[in-house]
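Every number for a ligand or one of its atoms is a count from 1 in the order of the listing.
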Amino acid sequence: MFRFGKMYERLKDIAVKPWLGKMMPFRIIGGVYFVGTYQASCHLVDTGDGLIMIDPGYSKTAYLVLDSIYRLGFHPQDIKYIVNTHWHVDHAEAAEAFSDLTGAKTLIGRDDAEKAARYFTPDILVDDGDTLTLGNTRIRFVHTPGHTKGTISFFFDVEENGKTYRVGSFGGAGTNTMVRKAFDFDGCREEYLASLNRMRKERVDVFIGNHTWNNDTYGKSLKLLAGGENDFINDKIWIEFLDNCEKRLLKVIAEDSM
Ligand SMILES: [Zn+2]
């Protein structure tokens, strides 16, 4: 299997040869599965009454995601909803392909709908506090502007060995849009900090990243696939991650004002 080394070197290669980012799909916890690539996470939630896909990814990696879905024994036709955390190409480009293939309804934060239109026409616009219920799963969305204006984060509970765990994700962590020349919208830095503070109030037992390097999805997957411990269960890394996001933003602001 392809070994991931320094992230940016590899990402350069992967941009040209998307198959280099192929990862083995695996179950994270409860009904939550990883079917994404090294470039961009894609999660599948088996609700017992259909599947919810979160962040379909690039069009050029859709065949890898599809292969992962089949490898886990699922059928794409069972996907009922496709959630897009924000409008960027690496998360939302394949939304149209997957909704065409499955008939699933697409969701995105209301303030990202206009820019998402370059890749797909959203069926459902998500507002702060909205929920999506399917089968045994109820996903709660929080509007967390900053990385983009309409970024949505999400939280839901899963069961594993008689215990309930809160799964959570921050929908847009990248500070690449915090550089003045790349602002998604005016005031994005202030909104990003406010979103981080809101997120700190959430309890998260299982943090899932929408990029694999946010939570070392790859390293943890190797351990799980080898029959090792489930390092995704960790109620500390959520806050550590948010603190790290804030540090990165402060660095960007400092460098940008030089
Ligand atoms: Zn993004």
### Query
Below 6.0 angstrom between ring centroids: does that apply to Tyr33 and Phe74?
yes

### Message
Could you check whether Thr144 and Ser153, counting side-chain N and O atoms only, form a donor-acceptor pair closer than 3.5 Å?
### Response
yes

### Query
Number of protein N/O/S atoms less than 2.8 Å from the Zn ion (ligand 1)?
3

### Message
Can a donor-acceptor pair be found, under 3.5 Å and without considering hydrogens, that links the side chain of His147 to the backbone of Thr177?
### Response
no

### Task
Verify whether one side chain among Asp184 and Thr148 offers a donor that lies under 3.5 Å from an acceptor in the other.
no

### Query
Does Phe34 have its ring centroid less than 6.0 Å away from the ring centroid of Tyr218?
no

### Message
Could you check whether His91 and Tyr58 have their ring centres less than 6.0 Å apart?
### Response
no

